[in-house]
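Residue numbers begin at 1 in each chain, while the letters A, B, ... track the order of the sequences.
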Amino acid sequence: MQQASAPAVLDPEVTQSRAANGAPAAALSGAWDIRALESRARSLKSQLKQLAADPGRHWDLSRIQRLDHIGALLIWQAWGKRRPADLALAHGHEVFFSNLDSAAAAVPAAPFDALRLVRALGAVMLIAGEHLRGIVQLIGQILIDSFVLLRHPLHGPWREISASVYRVGTQALGITALVGFLIGVVLSYLSAEQLKAFGANIFIINLLGMGIVRELGPVIAAVLVAGRSGSAITAQLGVMRVTEELDALTVMGIPHTVRLILPKIVALAIAMPLLILWTSGIALIGGALAANTQLGISVHSFFSGLPDAVPGVNLWLAMGKGIVFGGLIALVACHFGLRVQPNTESLGIGTTNSVVTSITAVIIADAVFAVIFSDVGISLS
Amino acid sequence: MIPVIEVAGLWTQFGDHVVHKDLNLTVMPGEVVSLVGGSGSGKTTLMRQILGLEQPARGSVKVFGIPLQGSSVQLVQKIRKRWGVLFQEGALYSALSVFDNIALPLRELRAFDEDFVRDMVMLKLDMVDIERRHASKMPADLSGGMIKRIALARALVLEPELVFLDEPTAGLDPDRSESFVTLIRSLHEKLNLTVVMVTHDLDTLVSLSDKIAVLAEQKLIVYGSLREAISVKHPFIVNFFLGERGLRALSAVGALEKNRDRTTGNEGR
Ligand SMILES: Nc1ncnc2c1ncn2[C@@H]1O[C@H](COP(=O)(O)OP(=O)(O)O)[C@@H](O)[C@H]1O
Ligand SMILES: [Mg+2]
């Protein structure tokens, strides 16, 4: 791409010589720009540094063909970040060196912190406390806004609630059915082996019935929904924060707790118990089919034995769990969504934290249920 | 001389919406070309085509004499190191601090030590007139004008020969946009940059451009000096340059008088 008439641009080169008065000299020639230096910056810099060790050296830069800020900074750093006394520059290259001296006044480094670990631990505690406070505040705000809503029920976000129920409930039917069915089958196979050894085949109904209806169904459905809808809610609110949509709502006098958060909490509290019934039902079907092949218990006798094995109050307990789990997931997801900072990294961290926290919260709530209702609905007939 | 940019017979289409129809554009080294046109006339899209971010339906784009379509990945990668782009919204990486944003292209070369990178970043911050104490801030904590200038610093850190500016002064206060224009002009003189910019700002346009490309009706209706541009009687040009704002900007540089001189056969400058 060179023009025929222009002299060819040469590689950057350093030659050592002696000036007329016998003083040591160094001459730089060729192209000292990023394109030429990209591959040999380090070697040239160390070469220049050696030459710069002699303070009385004469520097001839007038034969440099091309120079840019990168080349100038490289040479200047090799000089020890100051100009040598004896310097010849090509006309027009002065500009590249003119503002270099201010670069030496670099930013101060951060001081060493001996208590870093202690400080980090304290920061974690404070952040946890802040999250707790934030969630409590959010609950309070929602309660206040719901009271206002009670007086004007027609202004309620009914459409949003219905749309949310469809999104978090109806659209989750497929995945919860699939996972529930497989869990039922796996559990049934596992227990069948053990029960066969004791000749207690018929107890598969009690085992699967209690296990799935009371514990597994609610927890599996909640974990799936936390991963599926919790992350979506956090991401949606987070993006709205990033794009200032939340602020736009606020300045229009539309409280986002009513329009965005309340519908999600209500929708999940409605959809979650129904999803739990659905998941448990499908899991029981899977278990019954597996019990049929493994233990020869017919599907009909499995389901007709179920009401005796599992008292009906367990269903109500599962539904109650569903309402609590759904509310928790939505609350945690909204809380983390609102706390997203306007940048992409924070969005990713917020979504991850939201899912991890809501699953943890669900498991903790489940443990609390287990303790409180330990003597409810467990018959030993 | 080999043109820096050579767009020939470019067609762009989104669905059945034709944005460019047989568009040609040649930019020579050292020129400052301003792209103007109504909102939605396809300025940003044209820039994205030249940058290789979008593929034209028909036609070719050559940058530094190298066709973007059909060249090897390495060759295109090499071109990309020779240009710098200032996006309309800055496009700073929001996960990185100001310092790391500017340092990123330098570090990516793996040719320079960290001391060099730090000094270079500080020099670029000085160059775009950003105080050094902002270096550790995150992009989310900056104003629009600061983001623009930092994005320019990032675009310039690899000493590009060609610079694209999409609406460089939009959203800046007059004082800042004035200094932005001065900055770009001095860079252009110092480094002999080729500049392609999209702008709506008449003051910027009038004081910087060597050539003006007016995009309307899916092609360049004018491509030439300011005086050539305003002598064309197209509704967009009449509105844009000869409206109240336009006349004010033009009279500030005396382009109108010169235009009048030219029509009486008395070529100025
Ligand atoms: N990715 C896309 N898909 C569909 N249409 C697009 C796309 N990008 C741009 N357009 C359309 O192309 C036209 C030109 O857009 P643009 O180049 O952004 O205009 P401007 O001149 O304002 O920068 C507009 O009508 C826009 O709607
Ligand atoms: Mg645009």
Check this for me: [X], atom [atom1], are more than 12 non-hydrogen atoms of other residues, nucleotides or ligands nearer than 6.0 Å?
X         : atom1 : value
Gln69(B)  : CD    : yes
Phe97(A)  : CZ    : yes
Gln47(A)  : CD    : yes
Lys211(B) : NZ    : yes
Arg82(A)  : CZ    : no

Minimum heavy-atom separation for [X] to [Y], with atom names?
X         : Y         : value
Asp115(B) : Gln77(A)  : O-NE2, 3.3 Å
Arg35(A)  : Pro160(B) : NH2-CA, 4.4 Å
Ala41(A)  : Ala111(B) : CB-O, 3.4 Å

field: Leading residue by heavy atom contact count with chain A [cutoff under 4.5 Å; candidates Asp141(B), Val157(B), Leu158(B), Leu125(B)]
entry: Leu158(B)
Which atoms of [X] approach chain A - backbone, side chain, both or neither, heavy atom under 4.5 Å:
X         : answer
Leu109(B) : side chain
Leu106(B) : side chain
Val121(B) : neither
Met138(B) : neither

task: Please list, chain by chain and in numerical order, all residues satisfying ring pair (Phe, Tyr, Trp, His ring centres under 6.0 Å) with Phe180(B), sequence neighbours excluded.
output: none
message: So, using side-chain contact (heavy atoms from CB on, under 4.5 Å) as the criterion, who are the partners of Gln236(A) when residues are at least two apart?
response: Met240(A), Lys264(A)
Side chain to side chain contact (heavy atoms under 4.5 Å, CB included) evaluation trace for Phe112(B) with Leu73(A): CA-CA 11 Å; Phe112(B) 303 105; Leu73(A) 181 63; over 6 Å; no
From [X] atom [atom1] to [Y] atom [atom2], the distance as rounded to the nearest 0.5 Å:
X         : Y        : atom1 : atom2 : result
Asp119(B) : Leu74(A) : CG    : CG    : 11.0 Å
Glu159(B) : Leu37(A) : CD    : CG    : 10.5 Å
Leu187(B) : His69(A) : CG    : NE2   : 7.5 Å

- line: chain B shares the most heavy-atom pairs under 4.5 Å, among Glu38(A), Arg40(A), Arg42(A), with Arg42(A)
field: CA sep, side-chain torsions, deciding dist, call: Lys81(B), Ile34(A), side chain to side chain contact (heavy atoms under 4.5 Å, CB included)
entry: CA-CA 10 Å; Lys81(B) 282 189 189 161; Ile34(A) 183 166; over 6 Å; no
